[in-house]
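Structure, as structure tokens:
Quick caveat: nothing in here was measured; it's all calculated off a predicted structure. Just so you know, these numbers use all the heavy atoms, side chains as well, and skip hydrogens, waters and symmetry mates. Every chain is numbered from 1, with letters handed out A, B, ... down the list of sequences.
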2 protein chains.
Amino acid sequence: MTELLKSKKISETPFRKEVLAIFRNYTNAIPLSTVEKELKEYNRITLYRTIKIFIEKGIIHEITISGEESNYAICHEECSTAAHHHQHIHFKCSSCKKIFCVEVDQFPSIILPNYKIKQLEIQATGLCQKCNV
Amino acid sequence: MTELLKSKKISETPFRKEVLAIFRNYTNAIPLSTVEKELKEYNRITLYRTIKIFIEKGIIHEITISGEESNYAICHEECSTAAHHHQHIHFKCSSCKKIFCVEVDQFPSIILPNYKIKQLEIQATGLCQKCNV
DNA sequence: TAATATTTGCAACATTGTTGCAATAAATAT
DNA sequence: ATATTTATTGCAACAATGTTGCAAATATTA
């Protein structure tokens, strides 16, 4: 599955492969500081640029939660380069602090008179599967 | 209504009153750069500290959208110091770029098997009342 | 394997946010 | 009203985060 970089039409370099592998090793979203720790050879500038291009190409997406470091997670198939339409929500566990992308069967819709809603982004807080015992 | 600062048990200083007045003059959420421009005498450090304490005391709340500067808006009555529970969504207009807090009659709920959801935060993108003609 | 295009990493810089501390201003008690 | 206590302000200095130009190195294409 290293083909992903090629399919997104960006050069396949050792650094990019390593970053991609790190994201694939996590089921939850992770911040740059975690990627940094896992990299054999860490270069701040290259990492910023890698993250930037991964987001542009729809390989990963950013999850921002007020007052916290940004987190990043692998995009699933439904992500396109143009618009990141997710049928998932971002779930932050208040116990283990991890952030997950969780697929939702019935994605809610909202009606606002006089407004035209094109996209919804939902963040939930609570207890994840593991912590909700 | 300058009583707000007193009711939140923080000192009522000219700087804080001015910042509060700026937020009250907007119906939409604004970033620090806008507050800065509107202040007669701008001090970066004092502004950071003012914003921080306003958030802690439930006077304003932060709205973060991926890849954008944070925005801030006045809290309404239902905001408590402990937890910011909003029955409103954050709406970003793709035309005028403004961010609004919009009250919703029927706030959606989501069911995730095995998870326990405590709070939902919803961000919508689309056209606001003015731009949706 | 050579030519071209892209990426990497350094130096240098820009922006954003934080902390200790003395001077100042606000709140409280007298 | 004024003195005392408490909290805030603003400076200097720093820490963290993010960006850009450019030459060397690497990947892709011909």
Calculate the interatomic distance between Asn43(B) atom CG and dT19(C) atom P; express it in whole Å.
16 Å
Under a 3.5 Å distance rule, please check whether Glu18(B) uses its side chain to pair with a backbone N or O of Lys40(B) as donor and acceptor.
yes
Mind calculating the distance between CZ (Arg16(A)) and C1' (dT26(D)) to the nearest angstrom?
11 Å
Under a 4.5 Å cut-off applied to non-hydrogen side-chain atoms, are Thr125(B) and Ile65(B) in contact?
no
Nearest-Å distance, CD (Glu56(A)) to C1' (dT7(C))?
14 Å
Ser11(B) vs Ser70(B), nearer the 5' end of DNA chain C by closest nucleotide:
Ser70(B)
Whole-Å gap separating C1' (dG10(D)) and CD (Glu36(B))
16 Å
For Glu68(B) and dT17(D), give me the distance from atom CD to atom C1', rounded to whole Å.
18 Å
Within residues 44-53 of chain A, those residues having any heavy atom closer than 4.0 Å to DNA chain D are Arg44(A), Ile45(A), Tyr48(A), Arg49(A)
Testing Ile60(B), Leu39(B), Ile59(B) for side chain to side chain contact (heavy atoms under 4.5 Å, CB included) with Val19(B), which one passes?
Leu39(B)
Between Thr13(B) and dA7(D), is there a contact of a side-chain N or O with OP1 or OP2 at under 4.0 Å?
no
Integer-rounded Å distance: dA5(C) C1' and Glu12(A) CD:
16 Å
Closest non-hydrogen atoms of His61(B) and Ile74(B), given as atom of the first, atom of the second and distance, are CE1-O, 3.7 Å
Please check if the number of heavy atoms outside Asn25(B) that lie under 6.0 Å from its CG is greater than 12.
yes
Can you measure Lys6(A) atom NZ to dT28(D) atom C1' for me and round it to whole angstrom units?
10 Å
Not counting sequence neighbours, which residues clear ring-ring contact (aromatic ring centres under 6.0 Å, His included) with Tyr115(A)? List them please.
Phe91(B)
Whole Å only: how far is the CD atom of Glu3(A) from the P atom of dT28(D)?
11 Å
